[in-house]
Amino acid sequence: MFGHLGFLANGEQRLRLYLLHYFATALSDVAAFTFGKIFGRHPLRSEISPNKTGKAHLGAFAVP
């Protein structure tokens, strides 16, 4: 399940791959927040997290 971690830790491009993973995660979070604020109208699961919307999940999936 975590076999890719050995590749990331020992590869020649480990810093580049780490930064790619870091910035892709950050971009996904920013996209989810932005799409949720602009397009989100209906809460996804209000009993778990009242501010999460379905559009936010679509934005996080579509951008990176």
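Just so it is clear, the values below take in all heavy atoms, side chains as well, and ignore hydrogens, waters and symmetry mates.
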Out of curiosity, Phe23 CZ to Tyr18 OH, how far, rounded to the nearest 0.5 Å?
->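 Between Phe23 CZ and Tyr18 OH, I get 9.5 Å after rounding to 0.5 Å.
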
Could you state whether Ile38 and Leu27 fall into the same hydrophobic cluster, counting links through intermediate Ile, Leu, Val, Met, Phe, Trp or Tyr residues with side-chain heavy atoms under 4.5 angstrom apart?
->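 Ile38 clusters together with Leu27.
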
Given the rule that I, L, V, M, F, W and Y join up when any side-chain heavy atoms are under 4.5 Å apart, are Leu15 and Leu20 in one cluster?
-> no

So which heavy atom on Gly59 is nearest to which on Ala31, and how close?
->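 Scanning both residues completely, I find the closest heavy atoms to be O-CB, 3.6 Å.
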
Return the minimal non-hydrogen interatomic distance between Ala32 and Ala56, and the atom names on each side.
->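 Heavy-atom minimum between the residues: O-CB, 3.2 Å.
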
Side-chain (Ser28) to main-chain (Ala24) donor-acceptor, under 3.5 angstrom | no

